[in-house]
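Residue numbers start at 1 and run along the sequence shown. Computed from a prediction, not measured in an experiment: that's the story for all the values here.
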Amino acid sequence: MSSSRDRVEETGLPALGAEAQRRLGRTLRSLYERTVDRQPIPLDQVDLLLRLRHRERELLRHR
C-alpha cells in the first residue's frame with residue numbers, strides 16, 4: 001500500500017508540509033463552525049435518529 005506522499009508524488013502535485021496542513025485544518029474547521037455547524041438538524045434526520053433510538057431501546061429490553 002502506498003503512502004499519501006507517494007500518491008501525491010505520482011500525481012506530480014507538491015505535498016503540503018505539516019504547518020500548512022495545520023493551518024488549512026484550522027481554517028476549514030473555522031468555516032465549518034461558522035456555517036454548517038450552526039444549521040439545525042433537518043426534521044427527517046431527527047425522525048431517523050428517534051426511530052433508531054427507539055429500536056435500540058426495544059432490543060435492549062428483549063435481552
### Query
In terms of heavy-atom contacts, does CG of L43 have more than 12 from other residues, nucleotides or ligands at under 6.0 Å?
no
### Message
Please check this pair: side chain of T27 against backbone of R23, looking for a donor-acceptor N/O pair closer than 3.5 Å.
### Response
yes
### Query
Are the charged groups of R26 and E33 less than 4.0 angstrom apart, N to O?
no
### Non-hydrogen atoms of I41 and Q45 that approach each other most closely
CG2-CB, 3.8 Å
#### Entry: Side-chain heavy atoms of R34 within contact of L31, under 4.5 Å
yes
### Query
In Å, rounded to the nearest 0.5 Å, how long is the span from CZ of R55 to CG of L50?
15.5 Å
### Query
Should L48 and L52 count as side-chain neighbours, where that means a heavy-atom distance under 4.5 Å?
yes
### Query
What distance do R53 atom CZ and E56 atom CD have between them, rounded to the nearest 0.5 Å?
4.5 Å
### Message
Rounded at 0.5 Å granularity, tell me how far CZ in R38 sits from OH in Y32.
### Response
12.0 Å
### Query
Under a 4.5 Å side-chain heavy-atom rule over Ile, Leu, Val, Met, Phe, Trp and Tyr, are L16 and L28 clustered together?
yes
### Task
Look at atom CG of L60 and say whether more than 12 heavy atoms of other residues, nucleotides or ligands are closer to it than 6.0 Å.
yes
### Query
Is E58 salt-bridged to R61, cutoff N-O under 4.0 Å?
no
